[in-house]
Amino acid sequence: MDIENTELSWDEWDELNDPRPEETEFDAIAGTAVNRRGFMGGVLAFGSGAMAMGTGTLLSTQAEAATGRFAFDAVPVATDFTVHVPKGYKWAPLVRYGDPLFSDAPAFSQTAMLPPGKANRVFGENTDGMELFEINGHEVIAVNHEYVNLGVNLPERAAAVKAENEKAKADALAKGEEAPTPMRLIPASAAEVDVIQKLQGVAVFEIARGESGWQVVVDSPFNRRITHQTEIRMSGPAAGHDLLKTAEDPTGTLARGTLNNCGAGKTPWGTYLTCEENFNGYFGSTDGAFERPDDYRRYGINLRGRYAYETFDARFDISQNPNEPRRHGYIVEIDPSDPNSTPVKRTALGRFKHENAACVIAPSGHLVVYMGDDERGEYMYKYVSNNAYAPGGDTDDLMDNGRLYTAKFNWDGTGEWIELTEESTGMSEAEIRVFTRMAATKVGATTMDRPEWVAVNPVAAEGYCALTNNSRRNVLKDGKLRANAAGQPMELNAPNSRSENRYGQILRWYPSSDDHATDTFRWDLYVMAGNPAIHSDADAGSPNISEGNMFNSPDGMMFDSAGILWIQTDGNDSNDGHFEGQGNNQMLAGDPVTGEIRRFMTGPNGSEVTGLTWSGDRRTMFVGIQHPDSPFPDGEGTLARSTVIAVWREDAGLVG
């Protein structure tokens with residue numbers, strides 16, 4: 001059945017076209033550990049405390065932990081179409097989809113798409129990961145634009161498709177016939193494809209605080225847009241390999257475009273890392289008989305693209321350019337201080353559905369980058385540079401030459417990072433970086449429930465990963481568990497406490513010797529999300545979840561400089577059934593020491609709360625509101641526009 005593609009999340013799009021696993025190995029490990037030891041012991045230690053922190057330095061004292069570290073009162077759940085923040089705080093839009101970054105940008109229209117030649121002169125669609133950079137007294141933000149909402153971006157096309165579908169339905173009813181399958185809303189011309197390609201990617205722009213609050217500095221020399229058409233250099237072990245060569249780029253070293261930019265990261269030397277996630281959905285074939293290569297199945301590359309790029313842009317037609325998909329799915333480094341610099345795809349960090357990148361410098365000086373692969377049944381990864389970071393020194397080598405690892409979690413709360421080498425995988429260095437998922441399978445990595453954002457505590461040696469959910473964990477009709485894309489059956493070795501993981505959880509690990517470069521770690525769960533209002537079993541969540549702070553589907557995560565973990569959600573906001581009382585998606589603050597979690601903000605209905613950064617003085621928080629269903633932020637009669645909002649305290653104190 002052909003479903004209206006603009007109504008689907010990327011996870012739903014993949015499930016429709018290429019179903020993924022309903023059970024993962026990590027579910028079995030975590031579920032059995034919880035059943036064996038109970039919530040308060042072993043695997044689920046929601047408050048780490050000084051002992052669990054090892055020798056890590058804590059900013060909070062025991063007295064501070066006892067009284068709470070949050071300078072705000074919790075906000076209640078909301079089901080309406082706006083943003084709510086605590087008493088004593090205010091918010092306002094900073095920049096919306098279609099707002100100008102340059103003075104020659106076209107005026108935003110509620111009824112017409114942007115002119116093809118000007119779509120890269122405005123703030124793009126579906127804001128996601130972001131970081132702020134202080135550059136010679138200027139404050140510059142880099143923001144991802146993950147994907148597009150065609151009903152908003154192509155309003156004329158959307159109106160025409162809606163009218164045609166309504167007419168076809170009415171005609172069928174008049175004849176006593178069954179209503180036909182609705183026509184999909186997809187671009188119908190090369191011009192429309194050009195527009196939506198330019199609305200995605202990354203925006204880099206300066207902001208400044210004036211009498212009316214924070215605003216974009218239009219025409220700042222730092223402002224730039226990086227889109228699906230921007231020239232990007234490829235570096236690292238896979239650069240120049242035959243797998244990356246195309247007719248347009250026979251050298252395999254110069255790609256065009258960065259796709260589906262989800263989470264982000266910030267290097268110690270002040271560059272921006274944008275992460276390519278669901279790149280697979282942009283490719284299709286004009287030849288319905290095209291035989292897909294074996295690796296396409298594992299990466300979800302099918303014969304139909306979500307936005308019909310293949311119809312109007314041969315670069316996305318896999319029957320003509322079978323290597324083009326292999327040039328996407330990487331982490332891309334961007335220098336926000338130099339608008340003329342060429343972004344770089346760092347193949348050494350592997351190719352998969354990158355959610356974000358969390359960087360930390362090990363005691364030895366080596367760069368460590370933690371990464372998650374956002375798909376059911378996939379893995380967590382770590383990269384360690386071969387050379388040490390030296391402030392002020394050459395950094396170009398640090399993300400080109402290094403070791404790539406995948407995670408293995410054990411039943412007893414220990415784990416190890418397994419290096420992906422030619423010896424352990426039977427693959428060449430280039431193949432490991434292009435077919436990273438297959439390499440991780442060969443070494444026995446632990447399959448996970450959609451490992452999304454990773455965050456590293458700046459004041460303690462520990463890392464966190466949001467395992468968003470896995471609601472499709474059921475035994476198939478033949479009695480077998482669904483396999484992941486590699487064909488691995490998701491076998492259970494013991495009873496799982498949550499046979500359907502509707503709510504998600506946050507994993508935490510402690511590297512051995514407080515050194516992120518080591519190969520071993522201990523792990524537990526910081527929180528298991530749930531709904532204690534309607535459940536009394538494991539689906540109620542861990543002890544740090546109550547009716548006053550419950551949520552589902554943790555996704556985005558960021559630490560502030562004081563060591564508070566900010567948790568953003570992208571889940572079910574129906575406020576019904578298993579999710580009754582949970583309201584809209586939200587942002588919460590978590591204390592790693594005590595385990596306390598408090599709701600700070602709620603977003604408008606239909607939106608995901610995603611992306612977070614702070615002004616240089618930490619007195620303003622910038623938060624992303626993606627794909628609101630309502631006419632947010634401009635009110636009735638206007639298009640819904642994804643928006644970055646500013647949040648601040650009325651007394652001008654530090655946020656949080």
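Just so you know, these numbers come straight off a predicted model, no measurement behind them.
Y282 has its ring centre less than 6.0 Å from the ring centre of Y309. A ring-centre distance under 6.0 Å is not found for Y330 and H328. For an aromatic pair to be called close, the ring centres must be under 6.0 Å apart, and F205 with F123 satisfies this. Here F559 and Y464 bring their ring centres to under 6.0 angstrom of each other. Ring centroid separation for the pair Y370 and H516 comes in under the 6.0 Å cut-off.
Side chains of K353 and E277 form a contact here, defined as non-hydrogen atoms less than 4.5 Å apart. Contact check for F622 versus V143: no side-chain heavy atoms found under the 4.5 Å cut-off. Put simply, the side chain of V623 reaches to within 4.5 Å of the side chain of Q568, judged on heavy atoms. When side chains are defined from C-beta on, N356 counts as touching V454, because their heavy atoms get closer than 4.5 Å.
Looking only at atom types and distance, the side chain of Q229 has a donor-acceptor partner in the side chain of D194 under 3.5 Å away. E462 and N457 form a side-chain donor-acceptor contact under 3.5 Å, judged by distance and modelled atom types alone. Side chain to side chain, D515 and T518 fail the donor-acceptor criterion of an N or O pair below 3.5 Å. Checked by atom type, the side-chain pair T569/N585 shows a donor-acceptor distance below 3.5 Å. A donor-acceptor contact closer than 3.5 angstrom links the side chains of N302 and R292. A donor-acceptor contact closer than 3.5 angstrom is absent between the side chains of Y147 and D128. A donor-acceptor contact closer than 3.5 angstrom links the side chains of T258 and E276. Checked by atom type, the side-chain pair T227/N120 shows no donor-acceptor distance below 3.5 Å. With hydrogens and angles left out, the side-chain atoms of E125 and S642 include a donor and acceptor closer than 3.5 Å.
Atom CD1 of I226 is separated from atom OG1 of T274 by 8.0 Å, given to the nearest 0.5 angstrom. Of the inter-residue distances, the one linking E131 atom CD with T267 atom OG1 reads 9.5 Å to the nearest 0.5 angstrom. E355 contributes atom CD, which lies 5.0 Å from atom CG of D555 (distance to the nearest 0.5 angstrom). Atoms CG and CD, on D219 and E206 in that order, are 11.5 Å from each other to the nearest 0.5 Å. Atoms CE and CG, on M557 and L565 in that order, are 5.5 Å from each other to the nearest 0.5 Å. For the atom pair D99 CG and R121 CZ, the distance stands at 15.0 Å (nearest 0.5 Å).
When all heavy atoms of D560 and P458 are compared, the closest pair comes out as O-CG, 3.4 Å. Taking all atoms of both residues into account, the shortest heavy-atom contact from T347 to A239 is OG1-N, 4.1 Å. Nearest approach of F352 to Y381, heavy atoms of both residues: CZ-CD1, 3.4 Å. Taking every heavy atom of both residues into account, H366 and S364 meet most closely at ND1-OG, 2.7 Å. Residues A357 and C275 come closest through the heavy atom pair N-SG, 3.7 Å. A466 and P554 get closest at one heavy-atom pair: CB-O, 3.6 Å.
The backbone N or O of E146 lies less than 3.5 Å from no partner atom in the side chain of N144, so there is not a single donor-acceptor pair. The backbone N or O of I318 lies less than 3.5 Å from no partner atom in the side chain of E310, so there is not a single donor-acceptor pair. Judged by distance alone, the side chain of D519 and the main-chain N or O of W417 form no donor-acceptor pair under 3.5 Å. Side chain of K266 to main chain of L132: a donor-acceptor pair is present (N/O by atom type, distance under 3.5 Å, no hydrogens or angles). Although no hydrogens or angles enter the test, the distance criterion places no donor-acceptor pair under 3.5 Å between the side chain of N387 and the main chain of S385. Judged purely by atom type and a 3.5 angstrom limit, Q626 uses its side chain to pair as donor or acceptor with the backbone of T127. Using modelled atom types, one side-chain atom of R225 and one backbone atom of Q200 make a donor-acceptor pair closer than 3.5 Å. A donor-acceptor contact shorter than 3.5 Å is absent between the side chain of W566 and the backbone of T613. Remark: side-chain polar atoms of K345 are not paired, donor with acceptor, to backbone N or O of I232 under 3.5 angstrom. Formation of a donor-acceptor pair under 3.5 Å by the R351 side chain with backbone atoms of V434 is found in this model.
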- [ ] Using the side-chain hydrogen bond (donor to acceptor under 3.5 Å, both in side chains) rule, take T246 and N321 through it: C-alpha gap first, then chi angles, then the decisive distance, then the call.
- [x] CA-CA 7 Å; T246 64; N321 289 290; 5.3 Å; no
Task: Chi angles and distances behind the side chain to side chain contact (heavy atoms under 4.5 Å, CB included) call for L199, V122 - done: CA-CA 8 Å; L199 292 179; V122 303; 4.2 Å; yes
- [ ] For side-chain hydrogen bond (donor to acceptor under 3.5 Å, both in side chains), just list the numbers for D313 and Q197, CA-CA rounded to whole Å, side-chain angles, deciding distance to a tenth of an Å, and then say yes or no.
- [x] CA-CA 11 Å; D313 186 344; Q197 285 184 347; 3.2 Å; yes
Task: Audit row: S424, I418, side chain to side chain contact (heavy atoms under 4.5 Å, CB included) steps and yes/no - done: CA-CA 9 Å; S424 65; I418 306 172; 5.6 Å; no
TODO: Walk me through it: do M438 and T425 pass the test side chain to side chain contact (heavy atoms under 4.5 Å, CB included)?
DONE: CA-CA 9 Å; M438 288 82 108; T425 65; over 6 Å; no
Task: side chain to side chain contact (heavy atoms under 4.5 Å, CB included) between K442 and M427, intermediate numbers included - done: CA-CA 10 Å; K442 289 187 176 185; M427 303 164 68; 3.8 Å; yes
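The cationic atom of R437 (NZ for Lys, CZ for Arg) lies less than 6.0 Å from the six-membered ring centre of Y299 and within 45° of the ring axis. Taking the centre and axis of the six-membered ring of Y526, the NZ or CZ atom of R508 falls outside the cone set by 45° and 6.0 Å. Judged by the 6.0 Å and 45° rule, R346 forms no cation-pi pair with Y383.
Partner of R450 under the side-chain hydrogen bond (donor to acceptor under 3.5 Å, both in side chains) criterion, out of T468, D374, D373: D374 alone. Exactly one residue among R326, R315, R327 makes a salt bridge (charged side-chain N to carboxylate O under 4.0 Å, His left out) with D249. That residue is R327.
Using cut-offs of 30° and 60° for the angle between ring planes, the F409 and F521 rings count as perpendicular. Between F222 and H138, the ring-plane angle classifies as tilted under the 30° and 60° cut-offs. In this pair, W10 and Y307 present their aromatic rings perpendicular. The plane angle is above 60°, beyond the 30 to 60° band. Ring pair F290/Y296 is tilted by interplanar angle, where 30° to 60° counts as tilted.
Remark: E231 CD is loosely packed, at most 12 non-hydrogen atoms of other residues, nucleotides or ligands lying under 6.0 Å away.
The existence of a salt bridge linking R233 and E333 is excluded, since no basic side-chain nitrogen approaches an acidic carboxylate oxygen closer than 4.0 Å. Note on R298 versus E378: salt bridge recorded, some NZ/NE/NH1/NH2 to OD/OE distance being below 4.0 Å.
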